[in-house]
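Okay, structure first, notes after.
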Protein chains: 2
Amino acid sequence: MTCTLSDIARQTGFSVSTVSRVLHDNSNRYKIREETKEVIRSVATALGYTPNKIARGLRLNRTHQMGIIVADLANPFFATMVKSISKEARKSGYSIVVCDSDENTHLEEESIKTLMENRVDGLLIAAVGVEREHLERFRSDDVPFVFLDRLYDDISDDAVSVDNRKGARDATEHLIQNGHRRIAILQGLPGTYANTGRVTGFRQAMADAGIEVRDQYVVGDDFGTLNGFLGTKHLLRMEDPPTAIFAAGYLIALGALDALREEHLVVPRDVALVTFDDPGFAPHLSPPLTAVEQPIEQMGEMGVKLLLRRLRDPSSAPRRILLEPRLIVRESVAPLVVPA
Amino acid sequence: MTCTLSDIARQTGFSVSTVSRVLHDNSNRYKIREETKEVIRSVATALGYTPNKIARGLRLNRTHQMGIIVADLANPFFATMVKSISKEARKSGYSIVVCDSDENTHLEEESIKTLMENRVDGLLIAAVGVEREHLERFRSDDVPFVFLDRLYDDISDDAVSVDNRKGARDATEHLIQNGHRRIAILQGLPGTYANTGRVTGFRQAMADAGIEVRDQYVVGDDFGTLNGFLGTKHLLRMEDPPTAIFAAGYLIALGALDALREEHLVVPRDVALVTFDDPGFAPHLSPPLTAVEQPIEQMGEMGVKLLLRRLRDPSSAPRRILLEPRLIVRESVAPLVVPA
DNA sequence: AGTGGAAATGCAAACGATTGCATTCAATAT
DNA sequence: ATATTGAATGCAATCGTTTGCATTTCCACT
């Protein structure tokens, strides 16, 4: 039996308007006698009044909900991101409606449609990232989008991501500084924002050090574990195998680790390994994995802030923010020992 | 410029009622001429009509949103659960509003309040699980609760969890069958539903095998990594250290692994290790970890189903479902070799 | 021709809030 | 005494739907 403003009005003898003003309007535009405020407030708590955001949303055209779409909630990366979004959104009185697109463009489109029907005030989206036509179709000035993690180069919305190039460069330089020259990269899905950045950073670091990157040292085509496993096996079978490997994602690194163990190679003694992305369990692997940590929480937080800013000031210029990742050195890279 | 039913009505010359019936009512209670249906539908798509669920929610007193509260979204366990909830909910046209209580009773209460204000149709909650008074306070027949994973023994709502006792028994029996007698348990937070069940299962298995469990073999007080680390260190310092360890959660197991490595003990040669909970990376640890896998997806799915059933039929008897976990044998347990 | 009934559609109230524009009343100023 | 003012409150429209109850039209049947 939820109670409404008019229930309180009836009980107190005041009008619905007055009750509404006492309970919800904190701008001091209306003068209400202290005494009546008290009466109304006490009756409200007595009846257990819970404001109806649905009704308010209809009237004000603001639901105080934001929509979130991520490509895979079961991925700790996105889960952590959603957690930080939730925390930041709550601070401003927003709730989040979460959708999982399951790395599927069609479900992504469905999700957008649903969120639009729910009249969310804005949308944070970590897009699947291959196609984008369906995104354009829903762009409207009414409901702002903020892109997270997975960007499109020429998109004109607010966006937050991580400097993939920088992270990859740092990781690669770390290998180079440890004396490695024959360095391979296990890449993710070609054409995606993340992969392109990471491969580019890798190449830059190699070029800066004056090392040629051999074509056969660039292997893989997917961010999954199996790809890391197969890619590593492939590398190890070469007549001139690499002494160090840079994995473009943590699942890839797990696959690499499996392959190396299966070949009875010890990390870092026989092969050095660095990975992009630093999942929580990385310190507990053996050896603890050297990894590029992404500022995930910060990304979620910034995303919410950008969205809130746009809701306040819809005409402000869109911003694109690149956060800095950080190389965390643990024990999976050792100086190269040159065979005597 | 979102378009409404009345925009379509104006364009087509029909009344709002008729437009509404064509676009949303698929019960054949009203007869509408085929021809007018077509006209209305085509104008609707031409104008890009998006139904306003807020308005509809107000009228029908149904938002088609369900609220989810989990204790920690960054925990892969809950992330996976939310993912499966999202999938199952979408099938029935429901969206999910997600809150993270951060293992904090006060935030949990706040979350419930927010979700109530949002007028979600029902609530799925993986509770923090120590206190419960705040939960009772919000119990109402209007908004049904379904408890997930973390239950209270005497609660009268629908609930789904996992058979912790059975899982712990299976794990312990596996150790016993491998010849172990001196078996320790690293427990989680005492007093929580999960911990109690797991400890009980452990004790049952030991009792059934006629092995006495020594008090000093039951250590720990928290589900975190540090607790696993410290607990293991403690066990290893004993004059009569255990030959096998059962960890009540995966973070505990990670800590145990760290401690064992630090002591230069090799799993499973020197110490056997089983854990409750089977995170995705368990197969990639060295050694691959033998673990009790929980049917997480199924739990989310069942939770949604229970909630939907109750929404359809509010007076049906509450059900409490216990799902079966499954021991996955990998390589962290070996037969005990008795020193000659 | 009159009646009954079905088919097709419209009217208007309701859901619970917000808010511009009255209205009432008392106090102060002229 | 009257006009002016401001404080305190109420009226009623509005947001976009849904739906019970008309209403209109038309056809079939006696």
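Residue numbers start from 1 in every chain, and the chains themselves are labelled A, B, ... in the order their sequence lines are given, proteins ahead of strands. Small disclaimer: the values here were computed from a predicted structure and weren't measured. Only heavy atoms go into these numbers, but all of them, side chains included; no hydrogens, no water, no symmetry mates.
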Notebook entry, point to check: How far apart are the C-alpha atoms of A:Ile8 and A:Leu23, what are their side-chain angles, what is the distance that settles it, and do they pass the side-chain contact (heavy atoms from CB on, under 4.5 Å) test?
Noted result: CA-CA 11 Å; A:Ile8 301 178; A:Leu23 262 28; 3.9 Å; yes
[atom1] of [X] versus [atom2] of [N]: gap in Å, rounded?
| X | N | atom1 | atom2 | answer |
| --- | --- | --- | --- | --- |
| A:Phe14 | D:dC11 | CZ | C1' | 16 Å |
| B:Lys53 | C:dG16 | NZ | P | 20 Å |
| B:Arg33 | D:dC26 | CZ | C1' | 11 Å |
| B:Glu34 | C:dA8 | CD | P | 9 Å |
| A:Tyr30 | C:dT23 | OH | C1' | 15 Å |
| B:Lys37 | C:dA7 | NZ | P | 13 Å |
| B:Ile32 | C:dA7 | CD1 | P | 13 Å |

Applying side-chain hydrogen bond (donor to acceptor under 3.5 Å, both in side chains) to B:Arg309 and not counting sequence neighbours gives B:Asp158
Taking the six-membered ring for Trp, are A:His64 and A:Tyr94 parallel (under 30°), tilted (30 to 60°) or perpendicular (over 60°)? tilted
Residues 66-85 of chain B vs side chain to side chain donor-acceptor pair (under 3.5 Å), sequence neighbours excluded, gives A:Asp72-B:Lys83, A:Lys83-B:Asp72, A:Asp100-B:Lys83, A:Asp102-B:Lys83
Identify, with sequence neighbours excluded, every residue that meets ring pair (Phe, Tyr, Trp, His ring centres under 6.0 Å) alongside B:Phe14.
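Testing B:Phe14 for ring pair (Phe, Tyr, Trp, His ring centres under 6.0 Å), a comparison that skips the adjacent residues, returns none.
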Restricting to ring pair (Phe, Tyr, Trp, His ring centres under 6.0 Å), what partner residues turn up for B:Phe77, sequence neighbours left out?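 B:Phe77 satisfies ring pair (Phe, Tyr, Trp, His ring centres under 6.0 Å) with no other residue.
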With sugar-phosphate taken as primed atoms, P, OP1 and OP2 and all else as base, the protein-contact string of nucleotides 12-17 of chain D at under 4.0 Å (heavy atoms; B, S, -) is BBBBBB
- Message: Taking salt bridge (charged side-chain N to carboxylate O under 4.0 Å, His left out) as the definition, give me every residue that meets it alongside A:Arg21, ordered by chain and number, with sequence neighbours left out.
- Response: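 In terms of salt bridge (charged side-chain N to carboxylate O under 4.0 Å, His left out), with neighbours along the sequence ignored, A:Arg21 is linked to no residue.
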| task | Return the set of residues passing side chain to side chain contact (heavy atoms under 4.5 Å, CB included) with B:Pro76 (not counting sequence neighbours), or none when no residue passes. | result |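 Side chain to side chain contact (heavy atoms under 4.5 Å, CB included) list for B:Pro76, sorted by chain: B:Tyr250.
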Side chains of residues 33-41 of chain A: which donor-acceptor pairs under 3.5 Å do they make with residues two or more places apart or in other chains?
| unit_1 | atom_1 | unit_2 | atom_2 | d |
| --- | --- | --- | --- | --- |
| A:Thr36 | OG1 | A:Arg33 | O | 3.1 |

Taking only N/O atoms, report every protein-nucleotides 24-28 of chain C pair under 3.5 Å with atom names and distance.
none

- Message: Please tell me if A:Ser15 has a side-chain N or O lying less than 4.0 Å from either OP1 or OP2 of D:dG10.
- Response: yes
Among C:dT9, C:dG20, D:dA8, the one nearest any side-chain atom of A:Lys31 is D:dA8
